[in-house]
Amino acid sequence: MHPLPRSFYDRDTETVARAMLGMLLAHRVEGRLRIGRIVETEAYLGPHDLAAHSAKGLTKRTSIMFGPPGHAYVYLIYGMHWCMNVVTQAEGHASAVLLRAVEPVKNIEGRTQGPALLCKAMGIDGRLNGHDLLSDSLYLCRPRASGDPFSIVKRPRIGVDYAGHWARRLLRFYIRGNPFVSKP
DNA sequence: CTCCGGATTCGT
DNA sequence: CGAATCCGGAGT
């Protein structure tokens, strides 16, 4: 298994969010490789996207989003839950894709249907903020077998009602019929 | 410095 | 539907 190349992330964010479906997320914890298959994502397009954290501009918190593609942006929400994104497009673009659900593949305990649940189940927390995804401890990779073909459902993003018309954009993607999607 | 509210989840 | 529980960002 080797990580997807930097060029995978250095593309249009919506394209990356769709391409990530079916890919594997791997995290090595104490010598054990935890693997989940990505089944649900959301695209956050940049500072002009009022639902994106980068809409606040370049701050200490958003600096990872403004950085180069292929890095993890991990943040704490509601004082208790970690959520993970992958940074997309060129440095300075400040776009990212949120991982919303994975299907357990290997060494995973607990539920994975939701951005915070998948982080908990895979042992992902703030220590991984800024981590390069071209590494051997946290990365995305192509599955060995491509698996059954699937179609992609497009829906409005979850929990961003404050973002005006951006809340209605169809920037949430998931594998049709997959039982591990957070809110089918 | 204080205040507000959040890319969520769980229990009532 | 409301609590949990911390901190980033905005305002004073």
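Computed from heavy atoms alone, side chains included, the values below leave out hydrogens, waters and symmetry copies. Residue numbering restarts at 1 for every chain, and letters A, B, ... go by the order of the sequence lines.
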First and last nucleotide of DNA chain B in contact with chain A, 5' to 3', at under 4.0 Å to a heavy atom: what are they?
-> B:dG6 to B:dC10
Nucleic acid footprint by protein, nucleotides 7-12 of chain C - heavy-atom cut-off 4.0 Å, B for base, S for sugar-phosphate alone = -SS---
Any strand is fair game: report the nucleotide pairing with B:dC10 by Watson-Crick or G-U wobble, both distances under 3.5 Å, or none.
-> C:dG2
Lys/Arg cation over aromatic A:Tyr139: A:Arg28, 6.0 Å, 45° cone = no
Between A:Val160, A:Leu99, A:Leu98, which is the residue that forms a side chain to side chain contact (heavy atoms under 4.5 Å, CB included) with A:Glu42?
-> A:Leu98
Can you check the A:Trp82 CH2 to C:dC6 P distance for me, whole Å?
-> 12 Å
Which part of the nucleic acid does A:Met65 contact within heavy-atom distance under 4.0 Å: base, sugar-phosphate only, or nothing?
-> base
Side chain of A:Asn85, backbone of A:Tyr73: donor and acceptor closer than 3.5 Å?
-> yes
Is there a path from A:Ile64 to A:Val97 through hydrophobic residues (I, L, V, M, F, W, Y) whose side chains come within less than 4.5 Å of each other?
-> no
For A:Ala116, report the nucleic acid contact type (base, sugar-phosphate, nothing); a contact means any heavy atom under 4.0 Å.
-> sugar-phosphate
Which part of the nucleic acid, if any, lies within contact of A:Arg172, taking any heavy atom under 4.0 Å across all strands shown: a base, the sugar-phosphate backbone alone, or nothing?
-> nothing
Approximate separation, where rounding is to 0.5 Å, of A:Arg11 CZ and A:Thr88 OG1 = 10.5 Å
For A:Val39, which of A:Phe150, A:Phe180, A:Phe173 qualifies under side chain to side chain contact (heavy atoms under 4.5 Å, CB included)?
-> A:Phe180
State, with a plain yes or no, whether a side-chain heavy atom of A:Tyr9 is found less than 4.5 Å away from one of A:Val87.
-> no
Starting from P on C:dC6, measure out to CG on A:Asp125 and report it in whole angstrom.
-> 15 Å
Donor-acceptor under 3.5 Å (A:Arg157 side chain, A:Ala43 main chain) = yes
